[in-house]
Amino acid sequence: MEKSYDIAKTEEGWYKIWVENNLFKADNKSKKPPFSMILPPPNVTGSLHMGHALTFTIPDIIIRRKKMEGYNTLWLPGVDHAGIATQMIVEKNLKKENNQSKEEIGRDNFLKIVWDWKDKSEKRILQQVEKLGLALDWSRMKFTLSKEMEDVVTKVFVDLYREKKIYRGTYMVNYCPSCKTVLSDLEVDHREVNGKLTYIKYPLKKDSTKNIIVATTRPETMLGDTAVAVNPDDERYSGLIGEEVLLPLAKRSIKIISDNEVSREFGTGAVKITPAHDPLDYSIALRHGLEHRVVIDQMGNMTGDIPEEYIGMNREECRKQLTEKLREKGLIEKEEEHIHNVGHCQRCETAVEPNISRQWFLKTAELAKPSIEVVEKKRIEFIPEKWEKVYFNWMNNIQDWCISRQLWWGHRIPAFYCRSCNEIIVQTSAPEKCTACGSTDIIQDPDVLDTWFSSALWPFSTLGWNSGSDDFKTFYPTSLMATGFDIIFFWVARMVMMGIHFGKDIPFSKVLINGLIRDEKGQKMSKTKNNVIDPLDIIEQHGTDALRFTLAIQAVPGMDISLSLSRIKGYKAFVNKIWNASRFVIMNLKGDESFDFDKNRITIADKWILHYLNMTIKETNTLMDNYRINEAADLLYHFFWHEYCDWYLEFSKNDINNRDSRSVLKYTLFRFMQLFHPFMPFITEEIYQKTGAEGKFLLNTEFPQFRSENVFTEEYLNIELVKKIITETRKTRTENKIDPGTKLNIFLKTGSEKEKEIFLRSEKYFNFLTKSSKTEIVPDFSSLPKGFRGVLSNWEILLPFENDEDREKELERLKKEFKKTDSMIISIESKLSNENFTKRAPEKIVNGFKKTLQESIDKKTKIEKTIKDLS
RNA sequence: AGGCGCGUAGCUCAGUUUGGUUAGAGUGUUACCUUGACAUGGUAGAAGUCGGCGGUUCGAGCCCGCCCGCGCCUACCA
């Protein structure tokens, strides 16, 4: 085996072999209990980022272990067509390369280009996903816009329409003037913007010397005003309700009305009403039967029945010019700096324009009800639980979902309109003639569905729900959905609604929520901040295993992760450590080892590690069962490095000629490879194969379980004692600057016959690890030459002085230790002298304190005596 | 405006659900060591008023209350 671990050599080969050997392939006929997950499909436009690495690694760890535990596992991969994002990119390319717009080449031609582009882009993202080593069943790979998915989407749409849950209506929606489509509420990000609050005088019609002042952040919308509203309880304006004002610049007069939704405190308490361009105004207008005047078009330019000079002008420019004009006319009372929330398009960051248009909506209230119930009843569990609240909060206030988009790339809405009689026909395939009037002049709705509509169906559409497949029967509901908190509303909530409605059951029983990946300063990663860590770079330089382990050990459920390079490097060193420890074991194996070793022929150290490993396995399983992946990773890390490598491998160097000890060495290494395999699939497989796996793969082996035959409590405690004596001896050596290479005669003293026996059984380990040429246990140090002293509870250590100068130093050190021990005794004594404590605390705790106290007192006495000796 | 979360070693973070003996990890840092698995290493250290105050308790990093600082989500105040 090579002296240092070659990442590329190991990580390149195995994935292909695993896939070729169908290791990840699910079996829908299996009698084993199923465990299934659906991969959150990455966007076809995307490239792998750290968020993916985390969201994919954690479930991979889970499913690999589940498979090893004997479950019939399925992890189904897929890719999302990502409506707006993809269309925008391809449109941009088309403009850049051919200077053409999509309208110029037409819908069909454009879509052909998108499909070509999708094929290329998909290949790239999938290659990147593969680098993570995920146990995905590629034979079941799905695409959200494939024919198969389209059939499901269409059927669902038609069914919902027939159930009257999908309807078409004219409402105020969010419109992105840049993407040129409507957006759902969720696709709008509210951001604080420094704006101006402009106070404008609207002169009264009956007496133009008087006016009512309104405050607005968007003066340009005044051209579409159809009223001014005040609160009915606002005394300042009570006499004006019902009066008319002259709308400046527009040569129209509008009424002053009253409405409870108007706040008296904000601005002047009077608000201009622009029903076509503001959601609040829209709802007030509905109540009062006000006219809608559209003055801003879908591109964000001024339009409609407005003064000539503004027509076609951009909304921001118009705001400036119009304000100037008002100022000239003396109609601006004042302008104030004003920070307010403005909706922005999530994709392109353009400020959205509230817009009235006719769109398709999904009625959500009825679907939400059972979806709330299943979480309340814990049929679906959020991990960590706190995300339930977020889910409930949204579900309880859910609004109807605007599902149509003015795009070409997506699932076309299966609605057909008769141009002769305006009949709307919703069905899975295009009608030949109108079902009402028989006309053949029929056109399909040009719009497509929100990308998230197909995503909402993902857990059952991918399993062949439509065709009643065995996959659906075997693997639905799925077991676990691992995803980020940012898409609980977008995706999780909607999957639950659709899953219950169409899948007739919850889509998954657990939702594992992971946090955000940040940089090492806790900042969000973004291209503009130039702090993005690319997982592919990390994999290239430090390996997938190191990246996976770093993510795993840091992934506290639901918490953000600050990812630092130094930490990754630290775990890369750990991977190397695993390599070298394995190298040691493998180098020492002779080929005659057996996992069926003779318990009577193994050493006390063997029993110690078997016991310790057994306990660790038990704890690991408990942690993993509770999705505490990070704690399991931490536990294994510590145990492997600081118990197995630091102690056991050192002990074992003394027992290498014992065939049964070598067997334990091989056995324990094998167990470690199994335990680590879900976290670090590559290096563990490599090492497992080197120890002679005989055609099997780690994933086919049974995950370690607690075994009662490996309980050796006494031996475990004995070695723990010897470890302490060794550490104290080493400490005495290094503290006194004894050359590490020098072999010494070491003298020990103990007050316990029992511990003396224990020690003698492990003396060889002691000699080996303390560089003792000869160890003598003596009843008394007084007849010996003076030396450095180490003190444990029941033990004393003496390392003879090389020369006399050392004595002072030694005294000083002992005094310090005396003080430390003494203060500890005082603290424990005060605790134990408290009757309340001894009476009420559990016996185990009290006894623990008592034991520690006795040990400390012993130690103190010994130090005291030693100090006297040396003085 | 509501809701959620965070504050623990120089830095980045576990541990708090279930209170219990001397609070852990990575990195950094000190001394020594090219010991035959490993210098991506070893041995032994130093380093923390667990944000502040108060309460409950025999006992609080952990439970409760208040305060300070920071972050996020939701929401139609023009």
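Chain identifiers are assigned alphabetically (A, B, ...) following the order of the sequence lines, protein sequences preceding nucleic acid strands; residue numbering begins at 1 within each chain.
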May I ask which nucleotide in the shown strands pairs with B:rA44, Watson-Crick or G-U wobble, both distances under 3.5 Å? B:rU30
Return the value, rounded to whole Å, for the distance between atom CZ of A:Phe549 and atom C1' of B:rA25. 11 Å
Kindly point out which of B:rG5, B:rU21, B:rA25 is positioned nearest to the side chain of A:Met559? B:rG5
Over all strands shown, is A:Pro354 touching base, sugar-phosphate only, or nothing at heavy-atom distances under 4.0 angstrom? nothing
Please report, rounded to the nearest Å, how far the C1' atom of B:rC76 is from the CG atom of A:Asp278. 7 Å
Grab the CD1-C1' distance between A:Ile726 and B:rG42 for me, whole Å please. 15 Å
Quickly work out the A:Asn847 CG to B:rG59 P distance and round it to whole Å. 20 Å
Earlier contact from the 5' end, RNA chain B, for A:Lys844 and A:Lys386: A:Lys386
How is A:Gly848 classified with respect to the nucleic acid when contacts are heavy atoms under 4.0 Å: base, sugar-phosphate, or nothing? base
Over 12 non-hydrogen atoms of neighbours within 6.0 angstrom of NZ in A:Lys653: yes
Side chain of A:Arg628: nearest nucleotide among B:rA25, B:rU16, B:rC4? B:rU16
Of the candidates B:rU12, B:rG15, B:rA44, the side chain of A:Ser562 sits closest to B:rU12
Complement of B:rA25, any strand, by Watson-Crick or G-U distances under 3.5 angstrom: B:rU12
Mind checking if A:Glu385 touches a base, just sugar-phosphate, or nothing, with heavy atoms under 4.0 Å? nothing
Counting neighbours of NZ on A:Lys9 that are heavy atoms of other residues, nucleotides or ligands and sit closer than 6.0 Å, is the number greater than 12? no
Which nucleotide, in any strand shown, forms a Watson-Crick or G-U wobble pair with B:rC76, with both distances under 3.5 Å? none
Rounded to whole Å, CD1 of A:Ile517 lies from C1' of B:rU12 at a distance of 13 Å
Ignoring the backbone of A:Val556, work out which of B:rG15, B:rC76, B:rG20 is nearest its side chain. B:rG15
Any side-chain heavy atom of A:Met680 sitting closer than 4.5 Å to one from A:Val575? yes
Searching all strands shown, indicate the nucleotide that pairs with B:rG54 (Watson-Crick or G-U wobble; both distances under 3.5 Å). B:rC64
Of the nucleotides B:rA25, B:rA44, B:rA14, which has the atom closest to the A:Tyr637 side chain? B:rA25
Integer-rounded Å distance: B:rC73 C1' and A:Glu388 CD: 17 Å
Nearest to the side chain of A:Thr727, heavy atoms from C-beta on, is which of B:rG71, B:rA44, B:rA78? B:rA44
RNA chain B: 5'-proximal contact among A:Pro279 and A:Ile561 (nearest heavy atom): A:Ile561
Please give the nucleotide sitting opposite B:rC6 as a Watson-Crick or G-U wobble pair, both distances under 3.5 Å, or none. B:rG69
Could you please name the option among B:rU12, B:rU16, B:rA75 that lies closest to any side-chain atom of A:Arg567? B:rU12
Nucleotide B:rU12, atom P - distance to CD1 of A:Ile553 in whole Å: 19 Å
Would you mind building the protein contact string for nucleotides 31-41 of chain B? One character per nucleotide, 5' to 3', B for base within reach (heavy atoms under 4.0 Å), S for sugar-phosphate only, - for untouched. -SS-B-BBSBS
To the nearest Å, how far apart are A:Phe392 CZ and B:rU74 P? 18 Å
